Every structure is written in C-alpha cells, then in structure tokens.
Amino acid sequence: MQRIAPELIEELHEKREKEHKLPGLDITDGVVMRIAPNPNGPPTLGSARGIIINHEYAKMYDGKFILRFDDTDPKIKRPMLEAYAWYEEDCEWLGAKPDEIVIASDRLDRYYEYAEELIKKGDAYICFCSQQKFKQLKDAKKACPHREKDARTNLESWKKMLAGEYDEGEAVLRIKTDIKHKDPALRDWVAFRIVKMPHPRVGDKYQVWPMLDFESAIEDHLLGITHIIRGKDLMDSEKRQKFVYGYLGWEYPKTSHWGRIKIHEFGKLSTSEMKKAIQEGLYEGWDDPRLPTICSLRRRGIQPDAIRNFMIGLGISETDIAVSMDTLYAENKKIIDPVANRYFFVHDPVRMMIENAPPVVAKAPLHPNIDRGIRQISTRGEVFVCKDDVERMKEGKILRLKDLYNIKITSLKPPKAEYIGNDRSIIERGAIIHWAPVDGAKVEVLAPDYEYNGVGEEGIKSELGNVVQFERFGFVRINSVDGVIRAHFAHK
RNA sequence: GCUCCGGUAGUGUAGCUCGGCCAAUCAUUUGGGAUUCUCACUCCCAAGACUGGGGUUCAAAUCCCCACCGGAGCACCA
C-alpha cells in the first residue's frame, strides 16, 4: 500500500491525528496561559481539564504556562498547606509542568495598590451596607448611600479598613459598575472584604482579602495572560472584571468557556464535600479509589497520557457534558495493554487436587503478543482456581489450566480433577482457566466498589509500581509488595 | 423573578464563522464474526444523531424567528 498509494496512507494518518487536536486560538501576540486553582484540596479530574487544555495550548504555540494559586479565602474555602505541592506534583505528572508559579497570598500589596488607584479615580467605594440591605437596593436598581461619597472619604475608610479598625462584615470595597445594569449579577460587586481568620500561609498579616474577581482581574493583567479558558460558571466574572479593565485602560485576555463536566461514576463531588467525607472516615484518604482525584487515578494505574487524550477528546465546547469513565479507561488501555506484563491472580481461591499430575514448571509468556520473556511457576499436583470457575464446572468436563496442562473434573464437592496430558488440540474454546500455585503470594486488589482477596504468582512482587494485567481479571497497579501484595484495580 | 449561555447517535466529538462536496466525521459503546493457551489485545461487519415548529433560499445541521429542554450567574466562595 505504501508503494501503490502513499497518499492514502497520508490521509489515514491525518484522520488519526485529527481526533486529538484542539481548535486553534486567535493569536495576536504570543500565548500565555494559566490555571488558577484554589489549593483547598488535591487536583481532581476537573482540575486536570484546566491543567491539560491550558498547558496544551501554551505548548502548541510555544507559549508560557503559569500555575497561579488563587488562595484568597482564608475562611470558607480555606487553602490547605499541603495542597500547593500537590498541584505542582500533579501538574508535572500530567506532563504540564508550569513555567512559573504565582501565589496570590504573597501579592496582596499589589492588589491594595490597584484598589487605591480605583478609589482615587472614583471607580470604587467603601460600602457599609449589610449584605441583605445591599441586595435589596441592588435588586431595586438603587444605589446605596455610600456610593456617592467622595474619593477622599473613601480613601480614609479604606485606610481604616486596612488598619483593622472595622470588624468582619462591617465594610467592603465595591467596584462601581452600573447600578441599573439590566443584569443584576453585574451591579456594583465586592472587590475586598474583611476576614480576621488567619491565612494558612501568611497568618494574620492581612485582614482585608480580595475576592476572586478582583484578584484574578489584576493578576491576569500583571502576568500578561493572553488567553483564558475556564468553566462557564465564570462567564459573568469576565463581565464584572471588564469594568476594572476599562477603568485601568487594560485589554482583557481572549476567553473561552467550557460547560460543566459530570462523570457518571463519581457524580458531582465538590472538594469540600470530599474533605468532609474523608474526615468522617467514609474514604480512606484523598487517594481512595472511589474519589476522582488525580492521586487516586495515578494509584490505580491510569496513565497521564490517557487523561490527556481523554481531555483533549472532550474538547472545549460550552455544552454541559456527562461522560463515563469507560472512555478514559479505553484511552488507558490503548497505552497500557502493550506494556503491561501478564500474571495469574485467583480471587476467592479454591484448592484443587489433580490426580496423577507430574510436577511441572509452567512457562507462560509475560505478554501474549510481544516478546517480553517468560515467567515460571512450579506446581506439584495441586493448584488454586477461582471460585467462579468452580461454580461453572461439571463432573467429567475437560478444562485446560492455562500454560500448564489439561485436566478432567472428577469431583465437585471438594473440587478434584485428574491430569490428562498436555494436548491443546482437544480443548474447546472457552475451556481455559487461569490458576495460581498453592504456595503463591497473597494478593489484595482494591477496586472502587469491592476488595478482592486471593493468591497470585510470586513474580508479581517484581512489579512494584507497575501496571500489570491479571489475566481474565483486569489491569491493576501493584502498589505494595511487602508481605501481602496490594494492588489497585484500574479497569477490565 | 432578572440576566447570560447552550441543545449533532447511549456517550463525547467534527462540521456551524464563509448555506450546496453532510443520506453528516472520528472515538467510545452495544451486537455479530475472525483470530487467540486471557472474558485482554488485534481485525472485519453492523447498529445509532442534526430538540420541535415556522421562515429565508434553487439549496439549511449551518442564516432568522418562536417554542421546548438543559445549564450558569444574581455571595463579604473559588
């Protein structure tokens, strides 16, 4: 084919490529992308979308990828000290090492400077209304009495605010927009509020904290962000921020937004819900196999490139989507199948005597299609077989123990068989079962919904950290080999 | 209630900007078959969609209007 129709092959390749391609960006001058998480827990599959897509674009245009921690809420969505490093690790593991890392809680002074500038220009004011009071006025398209205060008065109040003279909830800094704006979501929004609770990183150094809309607006400009791709829940955020950009004479980055992503298997778990459930002991930790965190997927043997391909395949449409982990698993299998060594693992093992069986050392390939060598398992007339297989057995049935020899079932109540040679041609399809040596290693496999206990080959112990396939069972990652082997289930 | 944004097979996606080459792409999924010392992998075949209704036009998935459905924002959360 290469000889007679090279152009067809070319075309085929192009089609293959296409599935993992993102739409082009509108570029005027370079590309600087960012992801801006609040480190109040470890990165999840949701975070991975932002990490991968933004990094992918930066890479595509030879641009820059920035990891910025928007950790400006010491109270409600309180950052976790450990989570900063988790983000760095997971970004790197996903193949999206940031070119620069910025932490908002280090840069409050800059935000204060711009706040002051806006106050001086009359584009922001200190508001002393209660939350409810302001909402009432806002919904009625009415300005509050503080809106018309002059810049000097506002500046004084701002200084007092910074000096800690007000209590939490007593005063906020609002950005003037249009109090009669037809969209209530945009009317005079809060840029700073008072939080007295110490921040996990910077302690009680600050009591006046910016809201996301303000912090992010300033940072995106300071960092020279050219394109923002994020969830569509932040669409109105853009509209609010554009007022600030207008006042400061800045140009807003180009934006696109994707819809909400829901994963069938996990439902909608927020970081704070997960945190609570872990504290209550419902999960063993952030890497519990039932959780959609990156650390959990890593422990299960999901490969970074599989996650990457999966995310790129989802694209960046504004439609809300509900996807199944099956798609991720399919991507993962493509990567893993050629490299995973095969082993026998028998869950719910049942001991079976085999009469007249000679002692044999089974020689089985580590991989069925690729020559990766063999594994050897010695047996002497007795093996473990899976309970499920025993339940399907009938007296007189001829089976083959894979890579070992043929047997004929002679009894069921205690399962027994007799050795009947090694002629593969007498075996019908589907009559091959796997087995484990009676002196094999104890193995536990933790799946999202079940824990399997059983016996496997000794050779599994050499696969620490690797993904292997337990034949007729599925792919697992070997996570511990001291004493009993502990593995986590990836997928079929 | 006000405002904004969406709606292509079971799922995700391409096409929509610039109407015709779209009886609609690719992947996954499901069913069947081939191969196989795994119920894995590979290969082959098949199934399955433009939310509905109007309009513009020689021609509409693509443009316009209405309806319906879904999502988001209206926080001193991110």
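Source: prediction; values computed, not measured. Naming convention: chains lettered A, B, ... in sequence-line order (proteins, then strands); numbering from 1 in each chain.
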Whole-Å distance separating the [atom1] atom of [X] from the [atom2] atom of [N]:
X	N	atom1	atom2	result
A:Asn332	B:A40	CG	P	17 Å
A:Asp403	B:C37	CG	P	10 Å
A:Lys239	B:C4	NZ	P	7 Å

Sugar-phosphate, base or nothing in reach of [X], heavy atoms under 4.0 Å:
X	answer
A:Gln469	base
A:Ser216	nothing
A:Ala36	nothing

Positions of residues 366-376 of chain A (non-hydrogen atom under 4.0 Å from RNA chain B), listed by number: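 RNA chain B contact set from residues 366-376 of chain A: A:Pro368, A:Asn369.
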A:Tyr245 ring center within less than 6.0 Å of A:Tyr252 ring center: yes
Between A:Glu463 and A:Asn341, a side-chain donor and acceptor under 3.5 Å: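 A:Asn341 and A:Glu463 do have a side-chain donor-acceptor pair below 3.5 Å.
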Between A:His257 and A:Glu238, a side-chain donor and acceptor under 3.5 Å: yes
C1' spacing across the pair B:U42 / B:G6, given as an integer number of angstrom: 40 Å
N/O (side chain, A:Ser324) to phosphate O (OP1/OP2, B:G10) under 4.0 Å: no
Should [N] form a Watson-Crick or G-U wobble pair with both distances under 3.5 Å, which nucleotide is its partner?
N	result
B:C18	none
B:A23	none
B:C69	B:G6
B:U42	B:A34

Residues A:Phe489, A:Tyr450; criterion ring pair (Phe, Tyr, Trp, His ring centres under 6.0 Å); working and verdict: CA-CA 10 Å; A:Phe489 186 73; A:Tyr450 194 74; over 10 Å; no
Test salt bridge (Lys or Arg N to Asp or Glu O under 4.0 Å) applied to A:Arg392 - qualifying residues, sequence neighbours left out: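 So A:Arg392 forms a salt bridge (Lys or Arg N to Asp or Glu O under 4.0 Å) with A:Asp389.
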Test the [X]-[Y] pair against the cation-pi criterion, namely NZ or CZ under 6.0 angstrom from the six-membered ring centroid and within 45° of the ring axis.
X	Y	answer
A:Arg400	A:Tyr405	no
A:Arg174	A:Phe134	yes
A:Arg201	A:Tyr84	yes

Protein proximity profile, nucleotides 70-76 of chain B - base contact B, sugar-phosphate-only contact S, no contact -, cut-off 4.0 Å on heavy atoms: -SSBBSB
